[in-house]
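First up is the structure itself, then whatever we jot down about it.
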Amino acid sequence: MKIYNYNQTTKEFVNESKAVLSPLEKDKYIIPANATEVEVINEKDGFARCFIEKEWKYVIDNRDKTYYLNGEKVVFNLGDEITDDMTLNKFTDEEVLKDAKEK
């Protein structure tokens with residue numbers, strides 16, 4: 001029987017494997033912690049597949065993105081969203097212009 005393993009902390013899909021039959025109970029499979037027999041959902045760009053409340057759900061995944069907030073790099077965790085006050089540039093256009101004028 002196939003089982004689907006997920007990370008203990010983030011609950012995101014790790015891999016699939018096979019459950020083993022119990023040596024104590026006939027026709028009963030052993031499902032380890034952080035695994036389920038519920039089939040994992042298909043991959044979706046920009047999302048992680050997480051096992052939450054006994055089902056697979058899509059959770060936004062911006063962990064590989066680089067954004068800045070008030071000049072500081074934002075470190076995203078699984079589920080963190082990009083907000084309107086974040087920018088792709090470390091400095092605003094005004095700060096760059098001011099720095100160039102000073103030099």
Which atom pairs, one a donor and one an acceptor, fall under 3.5 Å between side chains of residues 4-17 and the rest of the protein, sequence neighbours left out?
unit_1	atom_1	unit_2	atom_2	d
Asn5	ND2	Asn15	O	3.4
Asn5	ND2	Asn15	OD1	2.7
Asn5	ND2	Ser17	OG	2.9
Asn7	OD1	Thr9	N	2.7
Asn7	OD1	Thr10	N	2.8
Asn7	OD1	Thr10	OG1	3.4
Thr10	OG1	Glu12	N	3.3
Thr10	OG1	Glu12	OE2	2.9
Lys11	NZ	Gln8	O	2.8
Glu12	OE1	Arg63	NH2	2.9
Glu12	OE2	Arg63	NH1	3.0
Glu12	OE2	Arg63	NH2	3.4
Glu16	OE2	Lys2	NZ	3.4

Ring pair (Phe, Tyr, Trp, His ring centres under 6.0 Å) involving Tyr67 - partner list, sequence neighbours excluded: none
Remaining members of the apolar cluster that contains Val20, side-chain heavy atoms under 4.5 Å: Ile30
side-chain hydrogen bond (donor to acceptor under 3.5 Å, both in side chains) contacts in which one or both residues fall within residues 78-87, not counting sequence neighbours: Thr83-Asp85
Straight-line distance of Ile82 CD1 to Asn62 CG, nearest 0.5 Å: 4.0 Å
Set of side-chain hydrogen bond (donor to acceptor under 3.5 Å, both in side chains) partners for Thr66, sequence neighbours left out: none
Met86 versus Phe76, closest heavy-atom pair with distance: SD-CZ, 3.8 Å
Least distance between heavy atoms, Tyr29 atom then Met1 atom: CB-CE, 3.6 Å
Neighbour count above 12 (heavy atom, 6.0 Å) for Lys28 NZ: no
Show which side-chain atoms of residues 36-57 pair as donor or acceptor with protein atoms under 3.5 Å away, not counting sequence neighbours.
unit_1	atom_1	unit_2	atom_2	d
Thr36	OG1	Val38	N	3.0
Arg49	NH1	Ile41	O	3.0
Glu53	OE1	Lys57	NZ	3.4
Trp56	NE1	Val38	O	2.9

